[in-house]
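Working notes, beginning with the structure itself.
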Amino acid sequence: MTSPAAPPDARSVRALFIDRFGRSPDVVASAPGRVNLIGEHTDYNGGEVLPIAISRRTWVAAGRRVADDPTGPVLRAVSASHSVMGTAPLSAPKRSGEWWDYLTGVAAPLLEASGRSESLDLAVDSDVPAGAGLSSSAALEVATALAVAGVLGRRLELDDAAMIAWRAETGFVGVGCGIMDQFASALCRADEALHLECDTARYEFAPFADALLIFDTAIPRSLRTSHYNERRVECEEALRLLRQRWPSLTSLAAAEPEQVLEAGLPSPLRGRALHVSRETRRVRDAVAALRAGGRISRELLVGSHESLRHLYECSRPELDWVVERAITLPGVRGARLTGAGWGGCAIVVGDEAALREAGPVLAREYESRFALVPRLWLSTASPGARLEP
């Protein structure tokens with residue numbers, strides 16, 4: 001399994017802040033990445049999702065800067081994984097296309113709402129891999145929200161932090177995602193999965209005791225450059241057409257599979273809508289099984305993947321191979337791609353001991369077949385965002 005030599009933590013991000021800014025931070029916060037157990041591409045369609053937080057986290061240290069900036073408050077940001085310091089105005093900020101947009105999009109509205117005009121310094125350290133579909137951006141945004149709010153003397157509830165982070169991603173960075181990633185990073189709990197209704201933001205928890213093997217295919221993907229926004233447009237058009245027959249439909253996920261089949265939608269809209277409708281109902285079946293003391297079945301997990309592969313068309317041969325090979329191994333209960341697709345990660349669900357044995361087998365065969373070196377991590381359901389002492 002891939003394991004960093006020196007995992008980041010509150011101490012490492014404090015040390016980075018001190019090294020780059022010459023003083024101690026006022027606040028440190030952290031937030032985890034996430035994997036979605038089931039319920040993919042349902043969040044922005046008003047459906048339901050079932051994510052867990054993973055053990056990998058992003059840490060943000062924040063401090064006020066005393067010196068006045070003649071042009072107004074300014075954000076300075078450094079990262080352990082980027083050599084360039086980011087700078088951005090916090091009054092009327094503009095998107096730069098750089099990594100610190102995620103920080104600016106969170107910090108600027110928090111500063112404006114506080115009525116203050118202080119400049120801010122932020123330092124970031126993380127072991128949530130970017131481009132793997134594990135919500136590295138949401139972890140960064142949520143941790144930033146807690147850290148900046150702390151610096152400004154505001155107590156921020158976790159669901160409020162999630163919404164501020166989501167608005168930064170959609171309104172400032174410009175990625176039309178649903179609320180799942182930010183809510184999962186903020187709210188998840190150890191040993192539980194978050195059952196989130198994305199149309200209402202209502203949530204509750206279900207016990208989840210299995211281990212996960214997270215298999216990064218080494219094919220990076222970005223919501224900015226993938227077909228993600230194209231799929232959103234297709235889903236919006238499918239809902240528009242469905243509402244011509246059923247005007248009361250509140251969302252695409254609210255459509256029953258029978259309605260989608262009856263509507264005679266053109267291709268590819270029919271496949272997109274059918275996936276969303278069926279996937280939301282798979283989430284409900286998974287939650288019911290967990291609350292009854294059971295497990296998420298292979299049928300649900302693999303059925304979700306096959307739907308993403310054939311109806312939503314967001315898989316790749318590498319992801320398909322991981323799923324097909326993993327479910328042949330002892331102790332594996334199921335597998336599927338996780339995240340938006342088009343690369344990134346698959347999850348393999350089962351007993352921890354079995355997954356420890358399965359990991360090297362999958363990695364060796366995958367590298368031989370695709371000439372790519374995957375990264376693998378074991379995780380269980382982990383805690384969400386927090387302020388650090």
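As the structure is a computational prediction, the values presented were derived from the model and not from experiment.
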Checking the side chain of [X] only, and the main-chain atoms of [Y] only, is there a donor and an acceptor separated by less than 3.5 Å?
X      : Y      : value
Arg386 : Ala31  : no
Glu169 : Val175 : no
Arg336 : Leu300 : no
Asp351 : Ala353 : no
Arg116 : Leu152 : yes
Arg281 : Ser277 : yes
Ser368 : Glu365 : no
Arg298 : Gly303 : no
Arg154 : Ala149 : no
Thr42  : Val49  : no

May I ask you to test the [X]-[Y] pair for a side-chain heavy-atom distance under 4.5 Å?
X      : Y      : answer
Arg34  : Ser185 : no
Pro25  : Arg14  : yes
Glu197 : Tyr203 : no
Glu40  : Ser307 : no
Phe208 : Ile296 : yes
Leu261 : Arg270 : yes
Val323 : Leu319 : no
Arg272 : Asn45  : no

Discussion item. If the condition is ring pair (Phe, Tyr, Trp, His ring centres under 6.0 Å), which residues does Trp99 pass it with, not counting sequence neighbours?
Written reply: His82
Worksheet item: What residues, two or more places apart in sequence or in another chain, satisfy ring pair (Phe, Tyr, Trp, His ring centres under 6.0 Å) together with Phe17?
Response: Phe21
Worksheet item: Given Ile347 and Phe215, is the side-chain contact (heavy atoms from CB on, under 4.5 Å) satisfied, shown in steps?
Response: CA-CA 6 Å; Ile347 55 170; Phe215 190 105; over 6 Å; no
Look up atom [atom1] in [X] and atom [atom2] in [Y], then write down how far apart they are to the nearest 0.5 Å.
X      : Y      : atom1 : atom2 : answer
Leu269 : Cys235 : CG    : SG    : 8.5 Å
Gln259 : Leu265 : CD    : CG    : 11.0 Å
Glu352 : Leu213 : CD    : CG    : 10.5 Å
Ile54  : Thr338 : CD1   : OG1   : 9.5 Å
Arg309 : His275 : CZ    : NE2   : 14.5 Å
Leu362 : Thr328 : CG    : OG1   : 8.0 Å

Item to complete: Show your working on salt bridge (charged side-chain N to carboxylate O under 4.0 Å, His left out) between Asp121 and Arg76 and close with a plain yes or no.
Response: CA-CA 5 Å; Asp121 291 334; Arg76 296 191 303 182; 2.9 Å; yes
Which atom pair, heavy atoms only, marks the closest approach of [X] to [Y]?
X      : Y      : value
Pro268 : Glu234 : CG-OE2, 3.8 Å
Leu50  : Ala286 : CD2-CB, 4.1 Å
Gly39  : Asn36  : O-ND2, 2.7 Å
Val124 : Leu16  : O-CD2, 3.4 Å
Leu194 : Cys188 : CB-SG, 3.9 Å
Ala162 : Ala186 : CB-CB, 4.0 Å

Do [X] and [Y] belong to the same hydrophobic cluster, where Ile, Leu, Val, Met, Phe, Trp and Tyr are linked whenever their side-chain heavy atoms lie under 4.5 Å apart, directly or via other members?
X      : Y      : answer
Leu122 : Val78  : no
Leu120 : Val142 : no
Val349 : Ile327 : no
Val332 : Val322 : yes
Val348 : Ile219 : yes

Fill in: Derivation of the salt bridge (charged side-chain N to carboxylate O under 4.0 Å, His left out) call for Glu236 and Arg240
CA-CA 6 Å; Glu236 289 166 3; Arg240 186 188 71 81; over 6 Å; no
Worksheet item: Should Arg57 and Ser30 be marked as a side-chain hydrogen bond (donor to acceptor under 3.5 Å, both in side chains) after you check the CA-CA gap, both sets of side-chain angles, and the distance that decides it?
Response: CA-CA 6 Å; Arg57 302 180 73 85; Ser30 70; 3.0 Å; yes
Worksheet entry | Candidate pair Trp377 and Asp216, rule side-chain contact (heavy atoms from CB on, under 4.5 Å), full reasoning | CA-CA 8 Å; Trp377 306 281; Asp216 181 1; 3.9 Å; yes
Worksheet item: Could you go step by step and tell me if Leu372 and Thr217 meet the side-chain contact (heavy atoms from CB on, under 4.5 Å) rule?
Response: CA-CA 8 Å; Leu372 293 167; Thr217 61; 5.9 Å; no
Worksheet entry | Worked verdict on Arg291 versus Glu204 for side-chain contact (heavy atoms from CB on, under 4.5 Å) | CA-CA 11 Å; Arg291 291 194 179 131; Glu204 53 190 353; 3.0 Å; yes
Worksheet item: Mind checking whether Tyr366 and Trp321 have parallel, tilted or perpendicular rings, split at 30° and 60°?
Response: tilted
Worksheet item: Hey, what's the ring geometry for Trp342 with His41, parallel, tilted or perpendicular (30° and 60° as the breaks)?
Response: perpendicular
Worksheet item: Is the CD atom of Glu324 crowded by more than 12 outside heavy atoms at less than 6.0 Å?
Response: yes
Item to complete: Run through the side-chain heavy atoms of Ile, Leu, Val, Met, Phe, Trp and Tyr, join any pair under 4.5 Å, and report what else lands in Val13's cluster.
Response: Val28, Trp59
Worksheet item: Side chains of Ser251 and Asp199: do they bring a donor and an acceptor to under 3.5 Å?
Response: no
